[in-house]
Amino acid sequence: MKQIKDKKIAIIGAGPGGLTLARLLQMNGFEVNVYERDVDENARPKGATLDLHDESGLAALREAGLMDAFKANYRPGADRTRIIDQHGEIIFEDNDNQNREDFRPEIDRGPLQKILLDSLKPETVIWNSHFEGLKRNGDSWLIEFKNGKLLAADIVIAADGANSKIRPYITPIKPFYAGVTIVEGAVYASATSSPEMHKLLNGGKIFALGGEKSLIVSSKGDGSLVFYTGCNTTENWVKESGINFSDKLQVINWFKNEFSDWDPIWLELFENASTGFVPRPQYCMPLDQNWSSLPNLTMLGDVAHLMPPYAGEGVNMAMLDALELSNCFKDPRYNNSGEAIFAYEKQMLKRASETADITMQSTAALHSTDAINFMMNIMGME
Ligand SMILES: Cc1cc2nc3c(=O)[nH]c(=O)nc-3n(C[C@H](O)[C@H](O)[C@H](O)COP(=O)(O)OP(=O)(O)OC[C@H]3O[C@@H](n4cnc5c(N)ncnc54)[C@H](O)[C@@H]3O)c2cc1C
């Protein structure tokens with residue numbers, strides 16, 4: 001039987017989870033490629049900044065030998081946090097987190113992706129490879145792509161994010177609706193196009209909370225800002241609301257109405273938005289999910305444990321999955337990929353369940369009447 005090192009590993013999805021795994025496997029001598037649906041690394045605008053946690057995201061980067069690259073690209077000061085009420089009053093601000101024990105440095109998604117891509121051997125990522133389906137091929141797999149290409153691989157790792165097409169090959173378990181829908185937008189060149197918000201943001205993050213709603217705003221290194229509202233809604237609100245989210249005026253009218261108990265200062269974000277708005281109902285994988293491991297197919301990141309962003313754990317969990325899976329693949333205690341995948345999934349499911357629990361509590365609390373107190377508590381200020 002082939003050793004894992006002699007097997008051809010295909011990772012589907014070049015998000016932070018898939019790329020971190022590729023780096024960790026490649027540096028340990030595994031044969032690995034990443035198949036990504038985007039045509040190249042610049043195909044899509046990249047989202048908000050991400051705070052990396054010492055025990056997960058940063059632990060993976062340390063193991064990947066990428067801390068120098070991280071230090072050259074992270075954004076000192078971007079972790080500055082302001083908690084603001086719906087009337088625009090600053091309740092709390094945290095200007096110097098560097099010395100906090102739980103300091104969580106921020107990096108933009110684009111530079112993080114670039115660090116990981118640059119760390120891989122040329123041609124590791126095969127762009128324009130939109131996964132369509134899997135077929136068994138003896139002990140291995142035949143992967144079908146939208147462009148008609150077929151590929152044989154011994155081990156397949158699903159890292160294709162929230163709406164994974166591979167997850168159903170492992171388990172029929174589906175995510176449940178988490179009760180909150182996000183509406184996301186961006187303002188380019190915020191210093192000139194949204195000066196009041198830019199000033200309020202102060203190069204960091206705003207958590208605006210009140211009336212059982214949230215508005216989270218983050219600055220980005222390219223001079224833009226990104227923001228998302230969070231509201232308690234029904235699962236099908238996006239459809240039922242009848243709003244055309246690419247029509248700015250319709251979204252402005254919705255905001256004025258839905259946030260009528262908020263100060264008009266927040267409207268500046270919507271009036272100056274540079275792109276269309278994206279509504280995102282939030283889902284979470286069941287906390288007690290479990291399945292029988294397969295010997296040569298597994299998953300990581302949002303595929304495995306999609307959860308709302310209200311504890312800032314998604315990227316960190318995806319990168320820690322990559323670290324744990326690569327550790328299992330190289331662990332001499334496991335004789336084959338089946339044993340390694342079983343060990344990885346066991347610890348991943350336990351950890352994901354604990355984090356999803358915290359995240360769901362945070363999601364509910366930030367959209368409750370007690371949101372500000374909850375957030376103050378998190379910042380250690382009760
Ligand atoms: C509004 C918002 C704010 C967030 N804020 C934070 C935060 O502050 N901190 C945090 O830690 N997390 C945050 N998250 C969550 C975080 O973005 C995800 O948890 C994280 O990106 C998961 O990484 P991943 O590698 O598993 O998947 P992804 O980043 O989703 O990457 C999946 C990759 O797979 C590719 N792909 C998809 N389908 C296919 C296919 N069929 N074939 C080939 N390729 C495919 C995609 O193009 C993508 O490149 C936020 C999420 C949202 C929506």
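All values reported here derive from a predicted model rather than from experimental measurement. Numbering of ligands and ligand atoms starts at 1, following listing order.
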*Asks:* Under 4.0 Å, heavy atoms only, figure out whether ligand 1 is touched by the backbone of Arg280, its side chain, both or neither.
*Replies:* side chain
*Asks:* Could you check which of Ile11, Val303, Thr49 puts a non-hydrogen atom nearest to atom 8 (O) of ligand 1?
*Replies:* Thr49
*Asks:* Looking at Tyr35, which atoms of ligand 1 are within less than 4.0 Å of one of its heavy atoms?
*Replies:* 43 (C), 44 (N)
*Asks:* What about Gly17: any of its N or O atoms under 3.5 Å from an N or O on ligand 1?
*Replies:* yes
*Asks:* Does ligand 1 have a heavy atom under 4.0 Å from the side chain of Gln113, from its backbone, from both, or from neither?
*Replies:* neither
*Asks:* In ligand 1, which numbered atoms sit nearer than 4.0 Å to a non-hydrogen atom of Gly301?
*Replies:* 26 (O)
*Asks:* Closer than 4.0 angstrom, basic N to acidic O: yes or no for Lys135 and Glu144?
*Replies:* yes
*Asks:* Is Arg109 close enough to touch ligand 1? Criterion: a residue heavy atom under 4.0 Å from a ligand atom.
*Replies:* yes
*Asks:* Given ring pair (Phe, Tyr, Trp, His ring centres under 6.0 Å), test Tyr177 with Tyr283 step by step and report yes or no.
*Replies:* CA-CA 5 Å; Tyr177 178 59; Tyr283 287 87; 5.7 Å; yes
*Asks:* Could you say whether the N/O atoms of Asp302 and ligand 1 ever approach to under 3.5 Å?
*Replies:* yes
*Asks:* Return the closest protein heavy atom for atom 42 (N) of ligand 1 as residue, atom name and distance.
*Replies:* Phe131 N, 2.9 Å
*Asks:* Which bit of Ala159 gets closer than 4.0 Å to ligand 1, counting heavy atoms only: side chain, backbone, both or neither?
*Replies:* backbone
*Asks:* Which protein non-hydrogen atom lies closest to atom 11 (O) of ligand 1, naming both residue and atom, and how far is it?
*Replies:* Val315 N, 2.8 Å
*Asks:* Suppose we measure from atom 50 (C) of ligand 1 to each protein heavy atom; which comes out shortest, and what is that distance?
*Replies:* Pro309 CB, 3.7 Å
*Asks:* Between Phe145 and Tyr35, does a ring pair (Phe, Tyr, Trp, His ring centres under 6.0 Å) hold up when you go through it step by step?
*Replies:* CA-CA 9 Å; Phe145 294 101; Tyr35 297 87; 5.4 Å; yes
*Asks:* Check Asn163 against ligand 1 and report side chain, backbone, both or neither, counting heavy atoms closer than 4.0 Å.
*Replies:* neither
*Asks:* Geometry only, no angles: is Gly314 polar-contacting ligand 1 at N/O separations under 3.5 Å?
*Replies:* yes
*Asks:* How close does the nearest protein non-hydrogen atom get to atom 6 (C) of ligand 1, and which residue and atom is it?
*Replies:* Leu50 CD2, 4.0 Å
